[in-house]
Chemist: 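This is the structure I want to talk about, given as structure tokens.
Here the structure is a predicted model, which is why all the values come from computation and not from measurement. Below, read A as the first sequence line, B as the second, and so on, with proteins coming before strands; counting in each chain starts at 1.
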Amino acid sequence: MIGSWVMLIYQKLYGARYALRTMDIDFAVHIAHAQRRLRADLKLLITSLGFTDYLAAEGVQKFTGGGYEVEFIGQRSGGRNTGFLSVPEWNVTAIPLPFINILMDFSDVAELDGFTIRFPIPEAYFLHKLIIAWKRQSVAKRCKDLEQCTAIMQVINDERLHQVAQAQRFGKETRRHIAASCETIGFPLHRIGLS
Amino acid sequence: MKVAEKDIVVHGMLDDEYGRCREVIEALLAKVENYPRGALNVRRKQNKGKEYVYHYLVRRDGKKVINRHISEKELPELQNLIEEREKCRKEIRAYKKRMAYLEKLLNKPNPGGGRHESAAQ
């Protein structure tokens, strides 16, 4: 699970509170390997839980139930391509977004309320938000991203943050975005370990 | 009167939610269009001591009421489709209700004139 619902997990595990979240629940999916064999029919699984599937803009498949919306996100490699990513292994389609691999590559698993949930470690979530905040077109969303960073700042482990940052290859613009976010929330840039 | 300053994050999130509701409704309405219209009706007829059950799909077309006979073979699939359609409509009603609430919070004009509940029925 990625997106703002992760904050609820951080609240339960680390006591970092941030209450604002929309009703869409995002899940990240790996699309790196070209294995086309169906591993699990997520569409069938989710609709059998009472959700209704529908095609949103650009043909992306989403699910809605009880006012909640479930959608899948995949790593977007390259430029600003639109459309959707087909994930035949899980029988779903995913929205391509950049920097999603940060969240997937550094994740942890928790057992909460009888569910096993994989979620990004706070350091990965923090770095991801620092980056995407300045890529947002909406000022409100940018502020929300940075507020979430502020909420989890207290539980950030510098060593793990270094590991996450060192595993990435950032361009100049992304580095600028990280620096701008750090300045906004008052987080020392050197703690990320980017020179 | 003291007026609270607008919180950009809260307002933005509510605005996003409003936009999301609208998009979901549009997508679900498009989906509902592809499902069969009408309701299933059962007619029972007695003949020579035996009871015969006939299923019909009843729908309105302007002032006319159209009854289309449904064979036993068609029935399970049609029942599934109608069930799916009702699920979609239920979702649409829930989203319209939420939109009506958000319209009040965000001071947005209500294009439905407060008829959100009935519009989806």
Chemist: With a 4.5 angstrom heavy-atom cut-off, could you sort out which part of Glu147(A) is near chain B: side chain, backbone, both or neither?
Modeler: side chain

Chemist: Met13(B) versus Lys141(A): any side-chain heavy-atom pair under 4.5 Å?
Modeler: no

Chemist: Let me check something: do Leu75(B) and Tyr35(B) share a hydrophobic cluster, defined by ILVMFWY side-chain heavy atoms less than 4.5 Å apart, either directly or through other members?
Modeler: no

Chemist: Could you pull out the closest heavy-atom pair between Tyr95(B) and Tyr68(A), with the gap in Å?
Modeler: OH-O, 3.6 Å

Chemist: Determine the sole option in Asp16(B), Val10(B), Val9(B), Ile8(B) for which the side chain to side chain contact (heavy atoms under 4.5 Å, CB included) test with Lys144(A) is passed.
Modeler: Val9(B)

Chemist: Do you know which two heavy atoms are closest between Gly12(B) and Ala140(A), and how far apart they sit?
Modeler: CA-CB, 3.6 Å

Chemist: How long is the span from the CZ atom in Arg21(A) to the CD atom in Glu17(B), to the nearest 0.5 Å?
Modeler: 12.5 Å

Chemist: We want to know whether Glu91(B) and Thr52(A) form a side-chain donor-acceptor pair, criterion being a heavy-atom distance below 3.5 angstrom.
Modeler: no

Chemist: Under a single-linkage definition using a 4.5 Å side-chain heavy-atom cutoff for Ile, Leu, Val, Met, Phe, Trp and Tyr, are Leu81(B) and Leu28(B) assigned to the same hydrophobic cluster?
Modeler: no

Chemist: So with a 6.0 Å cut-off around OH of Tyr14(A), is the heavy-atom count from everything else above 12?
Modeler: yes

Chemist: Is Ile66(B) linked to Ile82(B) within one hydrophobic cluster, defined over Ile, Leu, Val, Met, Phe, Trp and Tyr using a side-chain heavy-atom separation of less than 4.5 Å?
Modeler: no

Chemist: Hey, which of Asp24(A), Thr22(A), Leu20(A), Thr64(A) has the most heavy atom pairs under 4.5 Å with chain B?
Modeler: Thr64(A)

Chemist: Do you reckon Trp90(A) sits in the same ILVMFWY cluster as Phe115(A), going by side-chain contacts under 4.5 Å, direct or chained?
Modeler: yes

Chemist: Mark yes when over 12 heavy atoms from residues, nucleotides or ligands other than Glu159(A) sit less than 6.0 Å from its CD; otherwise mark no.
Modeler: no

Chemist: So which of His11(B), Glu23(B), Glu26(B), Lys87(B) has the largest heavy-atom pair count under 4.5 angstrom toward chain A?
Modeler: Lys87(B)

Chemist: Would you check if Leu55(A) and Lys31(B) make a side-chain contact, meaning some heavy-atom pair closer than 4.5 Å?
Modeler: no

Chemist: Could you check whether atom CD of Gln79(B) has more than 12 heavy atoms from other residues, nucleotides or ligands sitting under 6.0 Å from it?
Modeler: yes

Chemist: Nearest 0.5 Å, please: how far is CD1 in Ile25(B) from OH in Tyr54(A)?
Modeler: 10.5 Å

Chemist: Looking at Glu77(B), I want to see if its CD is surrounded by more than 12 non-hydrogen atoms of other residues, nucleotides or ligands under 6.0 Å.
Modeler: no

